[in-house]
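In what follows, a structure is listed as structure tokens, so that the remarks can point back to it.
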Protein chains: 2
Amino acid sequence: MAQKRVTMADVAKLAGVSTTSVSLIMNNRQGTRLSAEAAIRVRAAADELGYRPNLTARALSTQKSHVIGFISEQVATDRLASGLIRGALQEAKRHGHVLFIAETEGEEGAVHDAVDALTDRQVDGIIYAATRPQSLHVPANVGSTPVVMLNAVSDDVADSVLADEYKGARNIIRLLLDAGHTENVVVLGRSLDHPADEWFTVAVQRRLAGIWDTLRERGVTPIAQLHCQPWSVINGYQAIHDLLQANVQPRAIICLNDRLAFGAYRALGEAGLKAGRDVAVVSFDDDDIAVYLDPMLTTAAAPFEEMGAHAVRLLLDGEHTPGEHLVPMPLRIRGSVKVPEKVGSRIEHPDDETNWVR
Amino acid sequence: MAQKRVTMADVAKLAGVSTTSVSLIMNNRQGTRLSAEAAIRVRAAADELGYRPNLTARALSTQKSHVIGFISEQVATDRLASGLIRGALQEAKRHGHVLFIAETEGEEGAVHDAVDALTDRQVDGIIYAATRPQSLHVPANVGSTPVVMLNAVSDDVADSVLADEYKGARNIIRLLLDAGHTENVVVLGRSLDHPADEWFTVAVQRRLAGIWDTLRERGVTPIAQLHCQPWSVINGYQAIHDLLQANVQPRAIICLNDRLAFGAYRALGEAGLKAGRDVAVVSFDDDDIAVYLDPMLTTAAAPFEEMGAHAVRLLLDGEHTPGEHLVPMPLRIRGSVKVPEKVGSRIEHPDDETNWVR
DNA sequence: GACGTAGGTCCTATGGAGGCC
DNA sequence: TGGCCTCCATAGGACCTACGT
């Protein structure tokens, strides 16, 4: 027999005041001269009854639900990008907000439905997230609800939170070169002269640009560009396998993501070579598998948690300047690159703030 | 300039009826004699204005929010158990519900706070989930909100959804034995005579019981029980490594989870042995890494999605009989066990319904 | 037979009322 | 007669529903 919740009216009765007074006092409204004594009575009554305001009713009356909607294709389930949710969740909690989660599973029209489901419940804002950076369409039924794109961009929305691919790429390449691996360098994942295709997203463009700009600055010319899409374990394996078969001996491999690196490890292993010892390997993302590898992978981490948190902050802060918001990619320096002691300490990192090593 | 949403009143005015009529018609209430013609007018007006009911207001008046709260320590972020959320999400969506997600990150008092945050928003029910089956305390402030434990149990709550560890174990062991691997069997992860400790949860007990009951039934006596906790890659590696050093040659390894299996693969590899070819390996969970391994791992999958969906169903169905709800663990038959063609087709699976092979 | 009125859900916002010196 | 302090009535917010016309 669901005993009902305590309402303001109950508190008011016990304290001998009106519900108005209870509301004013419980919300600590300034500028209203209610006697200190009344305030004490009301608070005591509220405590005694265990009163908690009904946020649904409050939302109805204030038009602010303190709820944020989180739409994604598969974020909650994608092990790489679930960090996005986690970051958003924590930040939302710190602001007394809660998250509605809706996943579209890539179904047609599911985004539209999700938006309906969320706006029908008066969310204060919507985060539209993707597991891989891409351009998405935001359905018109969001109406006037603020939207922030997370790990994605959209023509329909001003704000988007992205990883700083360019600087991240510069930093990890600098790390590689500073450690002395400047000969027989191979770039695995995408070649520069390949025509633009569906995989060639903004994020990829910037990642590539960061890599090549830095190589050129240092006067390093790779001995091979291995193109393969998608960036899967098997494709990484195949590419390096073929390279070795052709009797080309890489001394450093720049992998465009961790899965390619995983594949590269295998191909190297079959040839009796070992990452870290015979071949330096750097990569991107800091996928979970990065630390399962032997040796563990040095990689520029996708800063998902921080990105998720930032998206929430943007939504709650109406004052920010709209546009692209770039979050630094921290380097995870591990065994796949041998960094000589003396070199390690004098590695230059002009783009300093992006170098969150841990 | 947030143009306001259209309300029932707007529709009523356009259709020339009262809001009552709009409510009755939009909700398809039976037994109310409104003219068919009025219904048509109302629907047309609603369409024209793009009317959508405000679910916050509806929740306030009906006391049903069509929202389910999902509390967990780290489910959204745990790559193994995020399937729980996904399943819940899909099932909720199918019933027109939406999920609030709250994570506790294991902080003290966070569960209590999460419950407050959810009940303040009038959720219709709460799912309390864990990444590893365990017994949890449910704070009293849930009040009369229905709660279902997911991948967990609690003294405070009747309903819990768990994987059917016992039958799952029986089935995977049968598979192994039916494939002819009955000699030199090793059990990796926990030994029977080890005293109960924090790791010895109900789930583990049942998993173990399923394994040993089946071995005994078939008259198979393992040549070794390797005990190690936690069930990590490194511990799995170490245990098998030591075994091989001691010159014991296993022909079949029953791993208590996939991470142990991963470690076992490595130790075997170093000794020039290969899973599937020289040693049959079976395991539990169907972690993501299971398909990254070479050969891919044969394992009894933790049916997380189905469990999540089931929890939602329980919450929405007030009529079910309370108690433990066991969800079958499907076998994922892959390369780590060689199943002779003729054997494969005549493997017996008395516990039939649990054998969702895919 | 076909519909509307009024009151309920719980909280907030506003103006104004009563008491006292 | 005013001014100050303390408080509350009322009117929303958008919806549902029992009853009445």
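A note on names: the letters A, B, ... follow the listed sequences, proteins ahead of strands, and every chain is numbered from 1. Values below: all heavy atoms of this structure, side chains included; hydrogens, waters and symmetry mates excluded.
With rounding to whole Å, A:Arg121 atom CZ is found 14 Å from D:dC15 atom P. Rounded to an integer number of Å, the gap from A:Asn27 CG to C:dT14 P is 13 Å. As rounded to whole Å, 12 Å separates atom P of C:dC11 from atom CZ of A:Arg52. Distance NE2 (A:His66) to C1' (C:dC11): 13 Å, rounded to an integer number of Å. A straight line from CE of A:Met26 to P of C:dA13 spans 15 Å, rounded to a whole angstrom. Distance, B:Arg5 CZ to D:dG13 C1': 13 Å, rounded to whole Å. B:Ile40 has its CD1 atom 15 Å from the C1' atom of C:dA2, to the nearest Å. Counting to the nearest Å, the P atom of D:dC5 and the CD atom of A:Glu37 are 17 Å from each other.
Note on A:Val22: nothing from the nucleic acid sits closer than 4.0 angstrom, heavy atoms only. Within 4.0 Å of A:Ala38, counting heavy atoms only, lie sugar-phosphate atoms of the nucleic acid but no base atom. Among the heavy atoms of the strands lying under 4.0 Å from B:Ser35 are primed sugar atoms or P, OP1, OP2 only; no base atom is included.
Taking the side chain of B:Ser18 as heavy atoms from C-beta on, and the options C:dA2, C:dG4, D:dC15, the nearest nucleotide is C:dG4. When each of C:dT12, C:dT5, D:dC15 is scored by its nearest atom to the side-chain atoms of B:Met8, the top-ranked nucleotide is D:dC15. In this structure, the nucleotide among C:dT14, C:dT5, D:dG13 sitting nearest to the side chain of B:Leu60 is D:dG13.
Within the 4.0 Å cut-off from OP1 or OP2 of D:dT17, at least one side-chain nitrogen or oxygen of B:Arg29 is found. Between A:Asn54 and C:dT9 there is no side-chain N or O to OP1 or OP2 distance below 4.0 Å. The side chain of B:Ser21 contributes an N or O atom lying less than 4.0 Å from OP1 or OP2 of C:dG4. OP1 and OP2 of D:dG13 both lie 4.0 Å or more from every side-chain N or O belonging to A:Thr62. The phosphate of C:dC11 (OP1 or OP2) has no side-chain N or O of A:Ser61 nearer than 4.0 angstrom. Regarding contacts with the backbone of D:dC15, a side-chain N or O of B:Tyr51 is found under 4.0 angstrom from either OP1 or OP2. The side chain of B:Ser23 places an N or O atom within less than 4.0 Å of a non-bridging phosphate oxygen (OP1 or OP2) of D:dC16.
A:Ser154 places no side-chain N or O within donor-acceptor distance of the main-chain N or O of A:Ser135, the cut-off being under 3.5 Å. The main-chain N or O of A:Ser23 is found under 3.5 Å from a side-chain atom of A:Asn27 such that the two form a donor-acceptor pair.
Residues B:Leu24 and B:Gln122 each lie close to DNA chain C; by heavy-atom proximity, the contact nearer the 5' end of the strand is made by B:Leu24. Toward the 5' end of DNA chain C, the nearer of the two residues B:Thr20 and A:Thr7, judged by each one's closest nucleotide, is B:Thr20.
Taking the six-membered ring for Trp, B:His66 and B:His95 have ring centres at least 6.0 Å apart. For B:Phe100 and A:Phe100, the gap between ring centers is short of 6.0 Å.
Here the straight-line distance linking atom CG of A:Asp159 with atom OG1 of A:Thr321 works out to 8.0 Å at 0.5 Å rounding.
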inquiry  = One pair to check against salt bridge (charged side-chain N to carboxylate O under 4.0 Å, His left out): B:Arg121 and B:Asp116. What are the steps and the verdict?
reply    = CA-CA 8 Å; B:Arg121 291 178 171 85; B:Asp116 271 352; over 6 Å; no
